[in-house]
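Chain identifiers are assigned alphabetically (A, B, ...) following the order of the sequence lines, protein sequences preceding nucleic acid strands; residue numbering begins at 1 within each chain. Quick caveat: nothing in here was measured; it's all calculated off a predicted structure.
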Amino acid sequence: MKLRGSVWKYGDNVDTDVIIPGKYLRSADFKVFAEHAMEGIDPAFRPAAGDVIVAGRNFGCGSSREQAPLAIKYAGISCVIAKSFARIFFRNAINVGLPIVEADVFDAVQKGDIIEVDLDGGYVTAGGARYASTRLPGFLQDILDAGGLVAYRRRQR
Amino acid sequence: MGTISEEILGRASGKPANAGDFVVAGVDYAMSHDGTSVLAVKAFREMGVDKVWDPGRIIIPFDHLAPANNENTAQLQKEIRQWAAAQKITHLYEVGEGICHQLMAEYGFALPGKVVIGADSHSCTYGAFGAFATGVGATDMAEIYASGRLWFRVPETIKVTVDGELPPGVAPKDVILHVIRAIRTDGATYKAVEFYGETIREMSMAGRMTLCNMAIEMGGKAGIVPPDARTFDYINGRAAEDYRPAYASKDATYCDVIDFNVAGLSPQVACPPDVDNVRDAGEVENVAIDQVLIGSCTNGRMEDLAAAASILKNRKVKCRTLVIPASRAVMLEAVETGVAATLLNAGATICNPGCGPCLGGHMGVLAEGEACLSTTNRNFRGRMGKGAAVYLGSPLTAAATALNGRITDPRRYV
């Protein structure tokens, strides 16, 4: 799968409280999460469908709130690229069907640049250069391809 | 054989587990609270499964927004109660019983050698009892509800050894902030941390819970103390079932070994906006504080309240001071021992057991530009209110700070 979009760029340690502040958790409505995505760090965050977040180390650190990847996904982001991810966010993103890859492109792109992610090929293309990205183990890629763990499990039954 | 995590995950998956392996492990106990059960139940329903795998192994405490702060929360909580009743889940702990992680200890679900998974990032707290315990999100929890199993990547382990007698005025919270200062907020990502050394051996179970609770703040998947006589003393009479302790073998492989000596440690304060932004309390004594919070799964236990009371006794606080006991049992003991009266006489407000304003939900959220010195575990931007600053410290530091309305090294009072 290839994903292509415009870059929204953030730094290291983007935590789940800035991705979706705690006061918005008292809801089961994904639209509410999406409306407030990244509000704690960037109130001007209004991605177009398919846009990509590029970040530094430890993206998604903090709480186990699955509302964090849900907010990002339903805001229209097609993929998050970071130098590294916090582990609960990593699992949650796959489970809700939000593609994430580790790649070191942080210094190579600016906000608004066009970036392309080849999930199967294991690389990211930006500014004419190609950067290696991680590929998921097979069973995790299957969950992601199904659109998340719920869909994967339904398909298995 | 191997590290504690390798040993426990090997047993739970039925085959040898080595760091880096992917295993599917049976879960002994699963916890989700009022905050995370909403999405977990939704995902469970969408999976198309009728019944949970074992209603006796699912624990649902109401602590995050307890009592409910508005109609919307109340409605979501009502739906969790209805679902739990329909699923015949008996370990449901109502509003006022306490914080999920404290209850998992008090009711004997956090046990040596067990796999205990919570839909809350601070579920690593149960490692204080020698469990392999970690936090997951709502959909993973739904998977456990459905099957009682979950996949794990067997973590590498960092061996942390802490030696030295804690000086007066220095608490387990200072130890873990000192450790995080060295390992950094992502230094243990995807890894487990095992705690050894004389300081740990001499530390109470409450202190060990403070340590393991904050393993996640360095990215850790688990923080584990090998069970000893103190562990068994605590568990004896509480354990929900039989257990078999797990220990690391002599030839266990660690990805890193880090030694600390805390004999000369000062009280520590984590400044905004990252938990590894740690200074000696004395370096930040000029910072004005609007509210002090003593409580949470990190530091809301009896010895924490008693430590705060030891400084607040016969004195008056100079800023808003909230005390939130970690459980009903803690609150009762504070009442019965006179600690609650000491805190109230000093001008503190005692709230009902629960998470309180730790995650910015209710009961003490701050205004823009205000600052809180808190015994909780996170000081992220906006966590306790948009534009408000959170400083993390021990209950002793919190109490000393409350007396001055600015950050204060508690050694001035001990």
At a heavy-atom distance under 4.5 Å, which candidate from [options] has the highest pair count against chain A?
options                                   : result
Asp274(B), Asn69(B), Asn377(B), Val365(B) : Asn69(B)
Phe22(B), Trp151(B), Tyr190(B)            : Trp151(B)
Asp186(B), Val275(B), Leu76(B), Leu39(B)  : Asp186(B)

Mind listing the closest non-hydrogen atom pair of [X] and [Y] along with its distance?
X         : Y         : result
Cys61(A)  : Phe380(B) : O-CE1, 4.2 Å
Arg153(A) : Met47(B)  : CD-SD, 3.5 Å
Ser121(B) : Gly62(A)  : CB-O, 3.5 Å
Asn92(A)  : Gly137(B) : OD1-CA, 3.0 Å
Thr36(B)  : Ser64(A)  : CG2-OG, 4.1 Å

Starting at [atom1] of [X], measure out to [atom2] of [Y] and round the result to the nearest 0.5 Å.
X         : Y         : atom1 : atom2 : value
Arg153(B) : Leu140(A) : CZ    : CG    : 11.5 Å
Asp15(A)  : Glu217(B) : CG    : CD    : 10.0 Å
Leu25(A)  : Leu359(B) : CG    : CG    : 7.0 Å
Lys386(B) : Asp17(A)  : NZ    : CG    : 14.5 Å

Give a yes or no on whether the backbone of [Y] and the side-chain of [X] come within a donor-acceptor separation of less than 3.5 Å.
X        : Y         : answer
Glu66(A) : Ala138(B) : yes
Arg26(A) : Gly361(B) : yes
Arg87(A) : Gly219(B) : no

With a 4.5 angstrom heavy-atom cut-off, is it the side chain or the backbone of [X] that approaches chain B, or both, or neither?
X         : value
Glu39(A)  : neither
Phe139(A) : side chain
Tyr24(A)  : neither
Pro137(A) : side chain
Phe30(A)  : side chain

Checklist entry - Using a cut-off of under 4.5 Å for heavy-atom pairs, which of Val18(A), Asp12(A), Asn13(A), Ile41(A) has the most such pairs with chain B? => result Asn13(A)

At a heavy-atom separation under 4.5 Å, does [X] approach chain A through its side chain, its backbone, both, or neither?
X         : result
Arg381(B) : both
Thr185(B) : both
Lys221(B) : both
Asn70(B)  : side chain
Ala119(B) : backbone

Checklist entry - Are more than 12 heavy atoms from other residues, nucleotides or ligands located less than 6.0 Å from atom CZ of Arg4(A)? => result no

Checklist entry - Hey, which of Thr139(B), Thr134(B), Asp140(B) is the one that makes side chain to side chain donor-acceptor pair (under 3.5 Å) with Arg91(A)? => result Asp140(B)

